[in-house]
**Student:** 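Sending over a structure as structure tokens; questions will come in a sec.
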Amino acid sequence: MKLNINGQEREVDVALETPLLWVLRDHLGMTGTKFGCGVGVCGACTVHLDGRAVRSCVMPVVAVTSMEIRTIEGLDHLVQAAWIEERVPQCGYCQSGQLMAAAALLAEKPAPTDADIDASMTNLCRCATYQRIRRGIHHAAAHLAAAAPPPATTVPAGVPTVPAEPAPATSPAAGGR
Amino acid sequence: MLTNMSRRGVLGGLSGLILAFPLRSYARSIAAPDDTIRLGAKSDSPGVDLNAWVRIAPDDTVYLRFGAAEMGQGVFTGLCMLIAEELEVDWSKVQAESAPAHKDYRRELVSTPGKAQLTGGSESTTGYWTILREAGATAREMLIAEAAERWGVAPSACRAEKGVVKNGDKSFRYGELAEAAGARSPSSSVVLKEPGQFRLIGTDVARLDLPPKVNGTATFGIDIRRPGQLAATLMACPHFGGTLFSFDDTAARGMPGVVDVFSLDERVVVVVAQHVYQARQGLNAVSILWKTGEWGALDDAGVRSALNEALDKGGDRVAQHGSRVDLEAGEAGVVEATYWVPYLDHAPIEPLNATVHVQPDRVDVWIPTQAQGLTQRSVAKRLGRSQSEVFVHTTLLGGGFGRKSFFDFAELAAAVAERFDVPVQLLWSREECFAHGFYRPAMLCRQRARLGADGMPEAWLIELSGQGPADNVVPGFLARLDVLEGELVAGGFPHMPYAVPDLTVKVAHPELPIPVGWWRSVHGSHNGFFREAFLDELAAAAGQEPLAYRMKLLKDNPRELKVLQTAVDAAGPLVAGRSRGVALFESFGSIVAQVADVTVDSGKLRVHRVGAAIDCGRAVLPDSVISQVEGSIGMGLSAMMREGLSLSQGAVTNRNFHEYRLLMMSEMPEIEVRIIESGEAMGGVGEPGLPPIAGAVANALYGATRQRLRSLPIGGDLAG
Ligand code: FES
Ligand code: FES
């Protein structure tokens, strides 16, 4: 099956239902996208599909063959520089996902309010770098505003960047019987 | 892991001394470049080792090795700064490498005599403080000696500066000197800088680990990819004390990519496949029957009653100041309250994993571990090999918080990989991580205090009941030693800074099968809440304002007073309609105070702003001190508002992030942290920021609701 990842065509031979996350990490060796929960809750696996932030651990690869897939390896965005200036990452494990979510938010709303950030940035960070993520987004927004004209990327109105209350796609293994 | 019982004794007055140490030669074999983790400027040249920590390439790239694990605390950068400070190098030329597990890379234990290669107890910077500055200074002196000899001048006529040795207008770059300098004997004594001479230490140099953490190239354990590598995943008996009864792998074996299915240790089922997803699917297809053990009926109520019973039986007296009065319930003038916190999981976002390659002559382990030394030992033991055959490559850690100081995941990965001649990565599911942690113990705390005529506590009895975090690590009789219990379970009570004439601290032990361990700030994670919330109850009983009450109790402790005042300043003026709570806690050699401003709106708690101050003696990398305190406040708040493991049938029932919820962006308060560099002995920074927050918020909540919060997490509506 053919995939369009970071502007390149990639060929993979995998079971159709394989989540995109594992195709990226295992079959294509693109390990920047992380595994945290496997049920669509933590956001560590966030990638862009046609510009929208999506959790790749619950996205069967067969569903994305016609989409433009962007991963952290292919992200080239002011928000990354802002992350370094604000010294956002601690352990850094969640940050690929945070950056993808932040870049998608900024594409939709170039000057997000705190309330926008609260609503869109639902990725978990166990190191609790949230305050700096917020600052990093505002910082990047200021840079974006300074760098007129505003970015051409647009996302259809009303499309949420990430599900506000992601529902687990699979129930955890019950184990004890 | 053990805390700072004798920190001051160990670290007192070392700076500026001439340190003599035995000549030693560093075997190249152990200092061999390890490309698992290397960050910074790139160089094609391997360069020359000047000692175990320093290698310099002809193009002036300086490779510095760090023996601790980077899990977000910035230690990677902080430790390299210690070497670079004395080595006098250009920071932009520094490239950091993860050191292998080896005795040369151990640090001083701050809490007890001895050395270890272990990242915990907030001790990395203090534990390597002298070792690394010495290593940098020794290498610098070798470079100077080489240059001096070439010029035919005395070394004292030369000076080192930004990677260059100078004598008048003559100079040599380190890259030109390194090869010959590396062949020289290290000087047997070096003079270390006085703190006033530091150029790097105390500044916010560029953090070496940040660039790869924003472009996806940072290598965590889970990202290791070795040629021919197989993927494994596992399910272990979820019932504590239970075993594997039987499993049927017929369906799994027929699935694509599945290579093998087997059991280990009568409690674990493992599936090995070509790829992770195939292994996960394979495991789902195995039907497993578990046998519950003697604890098969244990649930939340059972835990609660075990703790209650132990408390009522009475615990060991771990501290006693003043007269031996045990305050009785209902005594006149006695204030009493009982507090409770649940079991917690560390929940680093990177799930447990290790990649192991077992070969006839060596075993390689790539692992996100906080305990390189223990990992090496346990893998060697499990495989019946000698430790010198086991090579531990420490990757970046996607969070640790104490969980990755245990080595269960290394041992199991070794046992799996032993069956294959290719490398195998064992990756746990999130559900398995939650089901098999080394949890922060649930803890019950009954306190009684008698107030004098002036309203100040004359006598204070603290009774704790819970499993000790060392119970799974050291033999029972050791875990029961007063010194261990006094710190690991009761820490923060026996030596509290508040002036209380009669103080009694007791610890009781319920018998429970639940695996427990160190969770960020260990004892502080519960005692910060217990002590500081109860102190507000005492202030209320005395009719006094809580901040002023604390200040009276601290009148002979200027350091604590200053921390408290600085936190109040950081909090700024209280916004109308909000209510404020204050707490103070000293742990891991540092003192932290926090001031939390909250509102309760239609029954929902909102923490708006936290002012914090930390006195850690000296800050090596100030911004990392600030971010560690911010993160600790967030993690403490997460625990307070949301977290708690639930048990049924002797097994954890909440096994993923929708059932065990963590703090989110929308709940994070605005935080302002101020650092106080008192110049006192250096303390830790990774953990001491956590303990006060629950107390501060609970105290603020009382102002808003007139209800005392004595049990965590905050239940029901308040948590929203
Ligand atoms: S791994 Fe996909 S949301 Fe957690
Ligand atoms: S930086 Fe560690 S989980 Fe976010």
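Note: hydrogens, waters and symmetry copies are ignored here, and every other heavy atom, side chains too, is used. All chains are named by letter (A, B, ...) in the order of the sequence lines, taking the proteins before the strands, and each is independently numbered beginning at 1.
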**Student:** Please state whether the side chain, the backbone, both or neither of B:Ser638 comes within less than 4.5 Å of a heavy atom of chain A.
**Tutor:** side chain
**Student:** So do B:His658 and A:Val39 actually touch side chain to side chain, heavy atoms under 4.5 Å?
**Tutor:** yes
**Student:** Is any side-chain heavy atom of A:Arg25 closer than 4.5 Å to a side-chain heavy atom of B:Ile222?
**Tutor:** yes
**Student:** Do B:Lys213 and A:Gln90 make a side-chain contact, defined as non-hydrogen atoms from C-beta onward lying under 4.5 Å apart?
**Tutor:** no
**Student:** Do the rings of A:His27 and B:His275 sit parallel, tilted or perpendicular, given the 30° and 60° boundaries?
**Tutor:** tilted
**Student:** Is any side-chain heavy atom of B:Pro351 closer than 4.5 Å to one of A:Tyr93?
**Tutor:** yes
**Student:** Strictly below 4.0 Å, N to O, side chains only: are B:Glu350 and A:Lys34 in salt-bridge contact?
**Tutor:** no
**Student:** CD of B:Gln278 to CH2 of A:Trp22: how many Å apart, nearest 0.5 Å?
**Tutor:** 12.0 Å
**Student:** Any side-chain heavy-atom pair from A:Gln95 and B:Val214 closer than 4.5 angstrom?
**Tutor:** no
**Student:** For B:Asn654, enumerate each residue passing the side-chain hydrogen bond (donor to acceptor under 3.5 Å, both in side chains) test, keeping only those at least two apart in sequence or located in another chain.
**Tutor:** none
**Student:** Sort B:Leu427 into side chain, backbone, both or neither according to what part of it lies under 4.5 angstrom from a heavy atom of chain A.
**Tutor:** side chain
**Student:** Decide, yes or no, whether a salt bridge links B:Glu643 with A:Arg126 under the criterion of side-chain N to carboxylate O below 4.0 Å.
**Tutor:** yes
